[in-house]
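Reviewing the structure listed below.
Not measured: the values here are computed from a predicted model.
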Amino acid sequence: MPIRPGDQIVHKAAWLYYTHGLRQDEVARRLDISRASVALYLRKARESGIVTIATSTHLFASDVLARRVEDTYGLAGVWVAPETGPVFEPAVEIPALAASVFLSLAASGQKIGIAWGRTVYSIADVMSYADLQDVTVVQLCGNLGAPYSYRPDQCTMEIARRLNAKGLNFYAPLVLSSERLARELRDEPVIREQLAGVSDCDLALFSVGMVDEDAHVVKCGAMTADEVHALRDRGAAGVIAGQMIDATGELLDCDYNRRVISADFASFRHIPKRMMVVQESAKLDPLKAALAGKFATHLVLSQSMAERLLAEAASSAA
């Protein structure tokens, strides 16, 4: 098992002090904590054996991997689900880990933005109940048709229920039939206010989608498989909050994106803590695109995906 999310700061302090060679005051500035807290965490790291990260023992191998991903991609926090035992089930292990991480980041008084999809709903489904105060949970994008599972409104309201929070749904479809209609709807006061409020969020929870026939935008009927393949040929590499991005993480210039009702990326990136969760092994390219676009500050992923990310980074640097 990896170090518990609430104790990760102990491991990070030890990593910066022992592996990067930072002074205690430098560690304090990097982690935005007091120097006294650094000293306390380093003592706890020595007592618990975390300082063995210097030799990468198997006990903390997944956490060393997490620190390396943080360093390589400039992330504030990474959690790796270790693939130990005879059977590793990403659909079970990763949502459970992500739910724990999410609760460690959530706090009373926050405004929390939620995207959608199977991963996000799986996290909501296993999340423990928390008695937070004065929390509002909002959708980051428009909604989908009633028959579709893992809808944005379902994800938003389930997480709000788990946090004892107020849920605020998005009163617009995700995809409109024309660019003109989408522009007019964005100008409606209620929709304009909701979109403008995204940048006020303190925390966001999302995943990145694939660009193929299994994409949620295909399954919900917003696009056909042929249309998605055509966009992929034009450079689409992933989906963030219902919007197509290219390999650099920029919004793809296409008719589909102009018909989408979703948070604009400037507002999205303004959210201080943006937690991305990836459980499917097929999402390496979408994950790389999302990281290139600086969408995430915090990341939860599997051990094998973390290793592949580092291998890709090393290959690119060679």
Side-chain angles (χ1 to χ4, degrees), residues 2-9 11-12 31-32 62-63 66-67 69-70 73-81 90 93-128 130 132 135-141 150 152 155-156 158-160 162-163 165 198-209 238-242 245 249 262-263 265 267-280 283 286-302 305-306 309:
I3 291 173
R4 294 176 301 173
D7 291 338
Q8 196 196 55
I9 192 169
H11 193 282
K12 294 180 73 167
L31 299 179
D32 195 24
S62 63
D63 295 283
R67 300 294 81 73
V69 173
E70 286 177 358
Y73 290 92
L75 297 166
V78 173
W79 291 262
V80 172
E93 301 291 343
I94 293 178
L97 174 60
S100 179
V101 171
F102 178 79
L103 289 176
S104 74
L105 297 176
S108 293
Q110 288 184 338
K111 183 177 180 181
I112 300 173
I114 302 296
W116 59 294
R118 181 174 59 188
T119 298
V120 174
Y121 194 81
S122 296
I123 294 168
D125 194 44
V126 299
M127 190 179 295
S128 300
L132 301 182
V135 170
T136 301
V137 180
V138 302
Q139 281 179 226
L140 292 174
C141 59
Y150 321 121
C155 295
T156 299
E158 184 58 28
I159 289 179
R162 302 286 172 139
L163 299 181
V198 167
S199 61
D200 296 330
C201 288
D202 304 284
L203 171 65
L205 173 64
F206 69 104
S207 186
V208 59
V239 186
I240 297 287
I245 60 172
S262 184
F265 287 163
S267 296
F268 191 100
R269 293 185 181 105
H270 192 264
I271 300 172
K273 295 180 179 180
R274 306 181 299 279
M275 178 180 160
M276 180 166 61
V277 183
V278 176
Q279 64 182 29
E280 297 93 337
K283 285 187 174 181
L287 173 57
K288 288 165 51 184
L291 291 174
K294 305 296 183 183
F295 285 100
T297 58
H298 298 71
L299 175 64
V300 177
L301 73 172
S302 68
M305 188 68 90
L309 270 182

How far does CD1 of Ile159 sit from CD1 of Ile114, to the nearest 0.5 angstrom? 3.5 Å

Could you tell me whether the side chain of Ser262 and the main chain of Ala241 form a donor-acceptor pair under 3.5 Å? yes

Is the closest side-chain heavy-atom distance between Val208 and Phe295 below 4.5 Å? no

side-chain contact (heavy atoms from CB on, under 4.5 Å) between Phe102 and Ile112, worked out: CA-CA 11 Å; Phe102 178 79; Ile112 300 173; 3.9 Å; yes

Is the shortest heavy-atom distance from the side chain of Met305 to the side chain of Leu287 under 4.5 Å? yes

For Ala106 and Leu132, which heavy atoms make the closest approach, and how far apart are they? CB-CD1, 4.1 Å

Heavy atoms, side chains only, cut-off 4.5 Å: are Pro272 and Thr297 in contact? no

Sequence neighbours left out, what passes ring pair (Phe, Tyr, Trp, His ring centres under 6.0 Å) with Phe206? Give chain and number order. Phe268

Just wondering, do Ile245 and Val239 contact through their side chains at under 4.5 Å, heavy atoms? no

What's the verdict on side-chain contact (heavy atoms from CB on, under 4.5 Å) for His298 and Val101, showing C-alpha distance, side-chain angles and the deciding distance? CA-CA 9 Å; His298 298 71; Val101 171; 5.8 Å; no

Search all heavy atoms of Met127 against all heavy atoms of Arg162 and return the closest pair with its distance. O-NH1, 2.7 Å

In the structure I gave you, are the side-chain heavy atoms of Val277 and Leu97 within less than 4.5 Å of one another anywhere? no

Roughly how far apart are Arg67 CZ and Leu75 CG, rounded to 0.5 Å? 10.5 Å

Do Cys201 and Val138 have side chains that get closer than 4.5 Å, going by heavy atoms? yes

Tell me whether Arg269 contacts the main-chain N or O of Gly293 through its side chain, where contact means a donor paired with an acceptor under 3.5 Å. yes

Do you know the tightest heavy-atom contact between Val135 and Ala165? O-CB, 3.2 Å

4.5 Å side-chain heavy-atom contact, Leu163 and Leu103: yes

Spatial distance of atom CD1 (Ile240) from atom CZ (Arg274) [nearest 0.5 Å]: 10.5 Å

Of all residues at least two apart in sequence or in a different chain, which pass the salt bridge (charged side-chain N to carboxylate O under 4.0 Å, His left out) check with Lys288? Asp285, Glu312

So how far is it from Leu203 CG to Ile271 CD1, rounded to the nearest 0.5 Å? 8.0 Å

Does Tyr73 have any ring pair (Phe, Tyr, Trp, His ring centres under 6.0 Å) partners at least two apart in sequence or in another chain, and if so, which? none

Taking every heavy atom of Ser207 against every heavy atom of Lys283, the minimum-distance pair comes out as OG-NZ, 3.4 Å

Decide yes or no for Val278 and Thr119: does some side-chain heavy atom of the first lie under 4.5 Å from some side-chain heavy atom of the second? no

Atom of Val69, atom of Ala306 and distance for their closest heavy-atom approach: CG2-CB, 4.0 Å

If you measure from CG on Leu299 to CE on Met276, what distance do you get to the nearest 0.5 Å? 5.0 Å

Indicate the atoms forming the closest heavy-atom contact of Pro90 with Pro95, along with that distance. O-CD, 3.2 Å

